[in-house]
Amino acid sequence: MEEKDSNSQPFQNSSIPEAFLKPYAPQESEHVMYALWETSRYFNPDVCIENGVTKADADIFSIVLPPPNVTGTLHMGSALMLAIEDILVRYHRMHGTRTLWIPGTDSAAIATQARVEKEIQKSEGKSRHDLGREELLKRIDTFVEDNKSVMLAQMRSIGASLDWSRYAYTMDEKRYHAVMEAFVRMYNAGLIYRGNRIVNWDPKGQTTISDDEIVYEERKAKLYTFTYAIDFPIAISTTRLETKVGDTAVAVHPDDERYKHLVGTEYDVVFCDVPLHIKIIADASVEKDFGTGALGVTPAHSQLDWEIADRHNLSRPAVINEYAKMTVDGRLGGLKVTDAREKVAEWLREENLLISVEEITQNVSTAERTGGIIEPLPKLQWWIDVEKPFVMKESHIKGITSGQEVTLKELMRISAEQGDVKFVTERFEKQYLHWAKNLRPWCISRQIWFGHRIPVWYRTHTLNDETIIHADNAVEMHVGITPPEPTGWTQDPDVLDTWFSSGLWTFTTLGWPEETADLKTYHPTTLIESGYDILPFWIARMILMSGFFLGQVPFKTIYLHGLVRDGQGRKISKSLGNNIDPVDMAEKYGMDAVRVSLIAGMVPGTDSKISEEKIRGYKHFANKLWNITRFVLTSVEGADVNHTISLLSTPHSPFYAELSSLIALVDTHFSNYRIDLASDALYHYVWDRFASEIIEESKPLLNGHDEEAKKVRQQELCDGLLCILKLLHPFMPFVTESIWQQLPLKIRGDERELLMVAEWPKI
RNA sequence: GGGCGGUUAGCUCAGUUGGUAGAGCAGCUCGUUUACACCGAGAAGGUCGGGGGUUCAAGUCCCUCACCGCCCACCA
């Protein structure tokens with residue numbers, strides 16, 4: 001950009017701050033503004049009270065930041081989340097509300113461990129077993145520490161006015177202890193148990209994963225139809241031939257006329273070298289129209305079959321191990337499942353038992369993190385029983401009375417149905433209720449090393465201790481944060497599902513299990529704000545946990561935002577190369593522009609778009625504001641303006657009336673969580689009204705000879721500017737604060753020094 | 001299979017209780033006389049996915065069809 005000839009510079013000898021002689025340069029001031037806010041310590045509501053910014057008995061607005069994973073750097077999705085929350089937080093803080101926003105980061109157990117393991121494998125060619133548990137955890141800690149500092153710096157760069165004095169990490173000491181405490185209490189209430197059930201086993205990651213971590217992939221497969229033996233009366237169909245050596249029954253529909261006469265008969269066959277005892281049973285879960293209408297029941301390797309086995313008291317031989325290899329004797333022994341499948345097909349052909357082979361497409365379950373094909377296996381795991389009634393000693397939840405007996409499932413349903421938690425977007429309530437209704441036992445143990453280790457201890461010798469109960473295998477077990485004696489006890493090697501600890505997040509961040517002042521003051525939190533993609537994972541589990549431990553809902557309102565997509569509405573993905581980095585964009589156009597372009601046109605619950613053109617547009621807007629200031633300052637130079645905070649409370653001209661209705665409109669949009677509409681209204685007022693019309697109309701007035709009219713207009717311009725700065729501050733904190741900091745005292749009047757804590761204009 | 005969204009200007013989307021179709025970006029024409037060219041002025045552009053219904057009046061309410069997308073379940 002060329003420097004203007006100094007002779008043509010009209011402000012050469014004026015008192016206009018020099019910064020306004022150039023276009024707005026966000027890069028120079030953003031970090032300075034953030035430092036100013038942070039050192040003021042006003043992000044902390046206690047400091048606001050001490051300094052009279054907030055009254056101690058003011059209304060509460062509390063919100064816990066959904067902790068970003070320490071694995072990554074900040075992407076547009078997290079930037080959107082931070083922007084929305086910061087806008088709401090700044091808005092409430094300026095209203096004099098006692099406002100708390102708690103920052104945190106998430107260890108993201110499986111994702112983080114997988115990431116570090118992969119890097120070590122790549123650079124050193126070593127697996128986690130080569131390193132050992134202790135060494136791997138050390139490496140992960142180093143990785144986390146490195147990443148964390150980058151993450152936190154980026155969160156600051158967004159402008160997030162988080163109370164850093166209350167920062168929490170899911171794996172820090174306080175949170176770790178709270179999670180242990182939670183496990184023990186839930187166990188003692190009888191809601192956590194250890195049991196053998198079918199789990200989703202990921203042979204690649206060598207761990208259990210939850211239903212929610214499964215991704216279905218469409219694949220072509222062969223559907224084989226065959227009989228177990230020449231004299232076996234029913235043909236069955238399957239895509240997983242190799243599991244058939246684990247069959248104990250053939251199930252048919254009770255109403256199926258073809259097979260009715262066979263129900264109850266039993267057969268002994270030798271299938272692929274494996275002796276089987278097959279019982280023919282009738283079960284309503286069988287589809288008459290699929291395949292032959294008869295289902296070979298493999299209790300140990302299918303969720304559905306396991307449940308059928310429950311109903312018919314069948315045995316459940318396991319034939320596949322954790323490495324997806326066959327455990328039977330004979331020709332299949334030790335083979336991988338895919339090879340075994342071929343082998344069985346071969347055998348069927350030889351024996352003339354194969355009736356047909358059909359190409360079908362089916363959904364294969366794969367692990368989200370590793371891509372491994374899920375092998376359903378029976379395993380001894382820890383579970384949360386969501387259907388077991390317990391007594392809720394003290395309930396603050398609408399629809400549940402203290403002392404009432406409820407199940408976790410009912411608790412989740414009632415919290416939403418009675419309106420104790422409200423959804424900003426109604427359709428998510430339907431989704432949530434549907435999910436809560438179909439909730440099954442929740443498997444909370446994971447066979448990885450990084451995470452909250454299960455507080456259960458085992459030893460093989462007996463001891464007379466009342467706290468000891470007997471598990472299977474005649475091993476003694478003790479549930480507690482520490483072992484009953486310093487030696488002789490081994491801790492369960494598994495760690496907890498990351499969502500177990502995340503479910504406690506709204507109250508562990510406030511100091512639970514201690515009964516802290518924070519917990520009393522800020523819980524239930526006012527609002528949870530997150531992407532809709534983690535509704536079942538996280539939102540639902542927080543309601544469960546908070547209900548159980550505190551008899552409260554974790555938050556009163558649920559605001560879910562959508563995905564951030566690219567300018568054409570495509571998902572942001574590495575393969576498309578369409579990623580737009582918020583930090584890069586901020587360097588180019590300023591963070592305010594990034595923030596506003598993220599929330600403009602973003603309706604709660606729907607996906608939104610971001611593009612570089614859009615960001616550029618709002619950069620221009622920031623500059624417009626800058627130049628409006630320049631004009632106003634020039635116009636009132638030497639004039640006698642006198643600003644007091646209360647000025648706006650008595651609108652005495654169309655100008656003030658218009659400002660009042662703008663404030664009212666913005667407030668209405670905020671109360672409906674439509675910050676997109678609020679920012680839109682402000683954008684248009686500032687540009688189309690204030691800049692294009694009011695300022696233009698002012699020019700003849702300011703140059704005219706009617707001194708009274710000139711004076712009135714000068715006052716109006718000042719008040720208008722201050723009002724606009726305040727209204728825009730939540731959206732564009734950097735440029736508005738930059739301007740505020742450079743306003744001459746006579747214009748700022750008796751307002752506070754930091755715009756961040758200035759009083760919201762009153763109508 | 002079950003559920004839920006969406007379809008409005010070239011592109012991306014608003015449109016609150018039914019009352020004369022809106023914005024941003026792109027594009028077109030013109031303009032650089034001092035807040036801002038990171039600007040201003042102006043014009044153009046839509047039978048609101050198709051069909052039917054309710055109503056004095058429908059982008060908005062109801063029915064139906066088509067297409068796109070998402071979530072859940074999952075057939076062995």
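No hydrogens, no waters, no symmetry mates; every other heavy atom, side chains included, goes into these values. Numbers restart at 1 for each chain; the letters A, B, ... are given by sequence-line order, proteins then strands.
Mapping A/Gln431 and A/Tyr24 onto RNA chain B by nearest heavy atom places A/Tyr24 at the nucleotide closer to the 5' end.
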> Could you write out RNA chain B as a dot-bracket string, with dots for unpaired bases, | for bases paired across to another strand, and Watson-Crick or G-U pairs counted at under 3.5 Å?
Replying inline: (((((((..((((.....[..))))..((((.......))))......(((((..]....))))))))))))....
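Looking at the side chain of A/Tyr683, the nearest of the listed nucleotides B/C38, B/G24, B/G40 is B/G24. Distance from the side chain of A/Phe631 is smallest to B/A35 among B/A35, B/A14, B/C38. Considering only the side chain of A/Ile628, B/A35 comes nearest among B/A35, B/A14, B/C72.
Looking at heavy-atom distances under 4.0 Å, A/Arg616 makes no contact with the nucleic acid at all. A/Glu612 comes within 4.0 angstrom of nothing in the nucleic acid, heavy atoms only. At a threshold of 4.0 angstrom between heavy atoms, the contacts of A/Lys699 include nucleobase atoms, whether or not backbone atoms are also involved. Contacts of A/Ala691 with the nucleic acid, taken as non-hydrogen atoms under 4.0 Å apart, include base atoms. A/Val603 comes within 4.0 angstrom of sugar-phosphate atoms only, judged by non-hydrogen atoms across all strands, and of no base. A/Leu677 comes within 4.0 angstrom of the backbone, heavy atoms only, and of no base.
Nearest heavy atom pair, residue A/Leu80 against residue A/Gly562, reads CD2-O, 4.0 Å.
The aromatic rings of A/Phe655 and A/Phe690 are tilted relative to each other, their planes meeting at an angle between 30° and 60°. The aromatic rings of A/Tyr673 and A/Tyr559 sit perpendicular to each other, their planes meeting at more than 60°, with 30° as the lower class boundary.
Only the C1' atoms considered, B/G27 is 15 Å distant from B/U12, to the nearest whole Å. Distance check on atom P: B/U60 versus B/C38 gives 43 Å, rounded to whole Å. Taking the P atoms as reference points, B/G19 lies 45 Å from B/U34, given to the whole Å. Between B/A9 and B/A14, the two P atoms lie 12 Å apart (nearest whole Å). Across the P atoms, B/C63 and B/G6 are found 15 Å apart, a figure rounded to whole Å. Remark: the separation of the C1' atoms in B/C39 and B/U33 is 14 Å, to the nearest Å. Taking the P atoms as reference points, B/G59 lies 15 Å from B/G53, given to the whole Å. Using C1' as the reference atom, B/U7 and B/G46 are 14 Å apart when rounded to the nearest Å.
A/Leu21 has its CG atom 11 Å from the P atom of B/C36, to the nearest Å. The CG-P distance, from A/Asn438 to B/G1, rounds to 19 Å in whole Å. Put simply, CD1 on A/Ile599 is 20 Å from P on B/A23, counting in whole angstrom units. Nucleotide B/G15 holds its P atom 14 Å from the NE2 atom of A/His684, rounded to whole Å. Taking atom CG of A/Leu702 as the reference point, atom P of B/U34 lies 17 Å away to the nearest angstrom. We find that CG of A/Leu433 is positioned 16 Å from C1' of B/G2, with the value rounded to whole Å. Look at NE2 on A/His434: it is 14 Å from C1' on B/C70, rounded to the nearest Å.
Between A/Asp310 and A/Arg316 there is a salt bridge, with a side-chain nitrogen of the basic residue lying less than 4.0 Å from a carboxylate oxygen of the acidic one. Ion pair A/Arg440/A/Glu387 not flagged as a salt bridge, since none of the NZ, NE, NH1 or NH2 atoms sits closer than 4.0 Å to an Asp/Glu carboxylate oxygen.
With sequence neighbours excluded, the residues that form a side chain to side chain donor-acceptor pair (under 3.5 Å) with A/Arg689 are A/Glu658, A/Glu693. Under the side-chain contact (heavy atoms from CB on, under 4.5 Å) criterion, A/His277 pairs with A/Glu266, A/Asp268, sequence neighbours left out.
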What are the atom names and distances for every N/O pair under 3.5 Å that joins the protein to nucleotides 74-76 of chain B?
unit_1: B/C74; atom_1: N3; unit_2: A/Asn363; atom_2: ND2; d: 2.7
unit_1: B/C74; atom_1: N4; unit_2: A/Asn363; atom_2: ND2; d: 3.4
unit_1: B/A76; atom_1: OP1; unit_2: A/Gln362; atom_2: OE1; d: 2.5
unit_1: B/A76; atom_1: O3'; unit_2: A/Thr238; atom_2: OG1; d: 2.8
unit_1: B/A76; atom_1: O3'; unit_2: A/Thr239; atom_2: N; d: 3.4
unit_1: B/A76; atom_1: N6; unit_2: A/Glu287; atom_2: O; d: 2.8
unit_1: B/A76; atom_1: N6; unit_2: A/Phe290; atom_2: O; d: 3.3
unit_1: B/A76; atom_1: N1; unit_2: A/Glu287; atom_2: N; d: 3.3

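Within 6.0 Å of CD in A/Glu18 there are 12 or fewer heavy atoms belonging to other residues, nucleotides or ligands.
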>> If you apply the rule ring pair (Phe, Tyr, Trp, His ring centres under 6.0 Å), what do you find for A/Tyr432 with A/Phe423, and how did you get there?
In response: CA-CA 10 Å; A/Tyr432 166 85; A/Phe423 287 79; 5.7 Å; yes
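Proximity of A/Trp687 to the phosphate of B/A35: no side-chain N or O atom is located under 4.0 Å from OP1 or OP2. In terms of phosphate contacts, A/His620 brings a side-chain nitrogen or oxygen within less than 4.0 Å of OP1 or OP2 of B/C39. An OP1 or OP2 oxygen of B/G15 is reached within less than 4.0 angstrom by a side-chain nitrogen or oxygen of A/Arg674.
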Could you tabulate the donor-acceptor pairs under 3.5 Å formed by side-chain atoms of residues 288-297 of chain A, not counting sequence neighbours?
unit_1: A/Thr292; atom_1: OG1; unit_2: A/Ala235; atom_2: O; d: 2.6
unit_1: A/Thr292; atom_1: OG1; unit_2: A/Ala294; atom_2: N; d: 3.3

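Contact annotation: side chain of A/Lys624 to base of B/C36, donor-acceptor pair present below 3.5 Å.
Side-chain contact check for A/Ser315 and A/Thr248: no donor-acceptor pair (N or O, by modelled atom type) lies under 3.5 Å.
Note on residues 592-606 of chain A: pairs passing salt bridge (charged side-chain N to carboxylate O under 4.0 Å, His left out), not counting sequence neighbours, are A/Asp86-A/Arg595.
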